[in-house]
Amino acid sequence: INGQKQIVYIDKTISLQGGYLPPFDSAPDPETNHTILDARGNGRVLYVAAGAGVSINGLRITRGNPAASSGSQTSQDGGGIYAESAQITLRDNQIYGNVAASSSDSFTTAGGWGGGLFADLSVVTLTNNVIFDNVAAVGSTGAGGGVFLDRSQYYLAHNEIVSNTAQISGTAAYENGFGGGAAIADSNGRLSHNIIQYNVASDQGDSGWGGGILIQEDRYDPALSTI
């Protein structure tokens with residue numbers, strides 16, 4: 001997509017379930033049987049196309065980096081998962097070690113959004129996921145180290161969003177970070193019983209807003225979440 005790679009492309013209604021072992025006749029056990037989608041730093045892990053509906057359960061989604069597979073900054077959002085105009089449900093996944101935009105001389109100032117997950121104009125449900133050690137941008141402005149939601153409907157419950165960073169300093173001017181754990185803009189939804197901690201908005205950049213979470217022009221209900 002836009003000259004970039006992803007290891008999984010979804011354009012239909014489908015369910016992905018991790019935790020099975022051959023011959024696939026027993027119940028899945030993601031804690032014991034790890035199902036890992038690893039982009040190895042050479043592109044995005046998952047791309048969910050417009051109109052698709054996807055349920056992703058019990059996977060480990062890691063080392064996505066869309067910037068690594070393209071020579072430009074076009075749509076380098078969502079290092080782990082990118083969804084636009086889609087319905088996406090994530091349950092019991094680990095999303096870690098992804099980066100949306102990494103610096104390069106050709107595009108250091110363009111920025112990255114959603115290190116772990118980026119969703120725009122979508123319906124997003126996240127329950128019982130662990131989202132950690134993701135970065136939105138290196139050497140440029142970043143938003144939503146773990147999660148970035150824009151113009152979407154969402155329900156986030158019983159997730160751990162931990163140790164993510166919106167922006168890590170590089171060489172570009174005006175490097176800012178917005179929402180270390182999550183950034184939510186122009187959306188409508190509910191946060192319930194989440195743990196959002198040890199996240200950083202800006203690591204040695206110019207400015208940072210919302211180390212744990214940044215919510216802008218949003219209608220939400222933060223029920224009993226720990227931030």
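Inter-residue side-chain proximity for L149 and L156 is flagged as met; some heavy-atom pair is nearer than 4.5 Å.
Using modelled atom types, no side-chain atom of S207 and backbone atom of N176 make a donor-acceptor pair closer than 3.5 Å. No side-chain donor-acceptor contact under 3.5 Å links S187 to the backbone of Q153.
When N194, I161, L191 are each tested for a side-chain contact (heavy atoms from CB on, under 4.5 Å) with I213, only one passes: L191.
In this view, S55 and N57 satisfy the side-chain hydrogen bond (donor to acceptor under 3.5 Å, both in side chains) rule, not counting sequence neighbours. Partners of H34 by ring-ring contact (aromatic ring centres under 6.0 Å, His included), not counting sequence neighbours: none found. When the salt bridge (charged side-chain N to carboxylate O under 4.0 Å, His left out) test is applied to R60, no partner is found at least two apart in sequence or on another chain. In this structure D38 satisfies the salt bridge (charged side-chain N to carboxylate O under 4.0 Å, His left out) test together with R63, sequence neighbours excluded. Looking at residues two or more places apart in sequence or on another chain, you find a side-chain hydrogen bond (donor to acceptor under 3.5 Å, both in side chains) between N164 and N134, N199. For A50, the side-chain contact (heavy atoms from CB on, under 4.5 Å) partners are S85, not counting sequence neighbours. Applying the side-chain contact (heavy atoms from CB on, under 4.5 Å) test to S163 and every residue at least two apart in sequence or in another chain returns D133, Y198. In this view, Q87 and V123 satisfy the side-chain contact (heavy atoms from CB on, under 4.5 Å) rule, not counting sequence neighbours. Residues satisfying the side-chain contact (heavy atoms from CB on, under 4.5 Å) criterion with D120, sequence neighbours excluded, are E84, F118, D150, R151.
For the atom pair OG1 (T127) and CG (N93), the distance works out to 8.5 Å, reported to the nearest 0.5 Å. Of the inter-residue distances, the one linking T62 atom OG1 with N98 atom CG reads 5.5 Å to the nearest 0.5 angstrom. Distance CG/D77 to CG/L117: 11.0 Å, rounded to 0.5 Å. Between the CD atom of E160 and the CD1 atom of I131 there is a distance of 10.0 Å, given to the nearest 0.5 Å. For the atom pair E31 CD and Q94 CD, the distance stands at 6.5 Å (nearest 0.5 Å). Note that the CD1 atom of I61 and the CG atom of N129 stand 8.0 Å from one another [nearest 0.5 Å].
For the pair A166 and A201, the tightest heavy-atom approach, listed with the atom from each and the gap, is CB-O, 3.1 Å. Here the closest non-hydrogen pair linking G177 and S202 is N-CB, 4.0 Å. When every heavy atom of P30 is checked against every heavy atom of G58, the shortest pair comes out as CB-O, 3.7 Å. Contact record, R44 with G78: NE-O, 2.9 Å, taken as the closest heavy-atom pair. Across every non-hydrogen atom of N65 and A100, the tightest pair is OD1-O, 4.5 Å. Here the closest heavy-atom approach between residue G112 and residue A101 is recorded as CA-CB, 3.7 Å.
Connectivity analysis of hydrophobic side chains (ILVMFWY, heavy atoms under 4.5 Å, direct or indirect) links Y155 to nothing; its cluster partners are none. Side-chain contacts under 4.5 Å among hydrophobic residues (ILVMFWY), followed directly or transitively, place W209 together with F178, L214.
No path of Ile, Leu, Val, Met, Phe, Trp and Tyr side chains, each step under 4.5 Å between heavy atoms, connects I7 with Y96, placing them in separate hydrophobic clusters. Grouping the Ile, Leu, Val, Met, Phe, Trp and Tyr side chains by contacts below 4.5 angstrom, directly or via other members, places F132 apart from V147. Hydrophobic clustering (side-chain heavy atoms under 4.5 Å, transitive across Ile, Leu, Val, Met, Phe, Trp, Tyr) keeps V130 apart from I95. Hydrophobic clustering, with ILVMFWY side chains joined whenever heavy atoms are under 4.5 angstrom apart, groups V54 together with Y154. Placement of L37 and L126 within a single hydrophobic cluster is found when ILVMFWY residues are connected by side-chain heavy-atom separations under 4.5 Å, directly or transitively.
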Fill in: Pair N159-L90, side-chain contact (heavy atoms from CB on, under 4.5 Å): steps then yes or no
CA-CA 10 Å; N159 301 285; L90 302 173; over 6 Å; no

Worksheet entry | D203 vs V135, side-chain contact (heavy atoms from CB on, under 4.5 Å): CA-CA, chis, key distance, verdict | CA-CA 11 Å; D203 182 358; V135 177; over 6 Å; no

Just list the side-chain donor-acceptor pairs under 3.5 Å for residues 13-28, sequence neighbours left out, or say none.
none

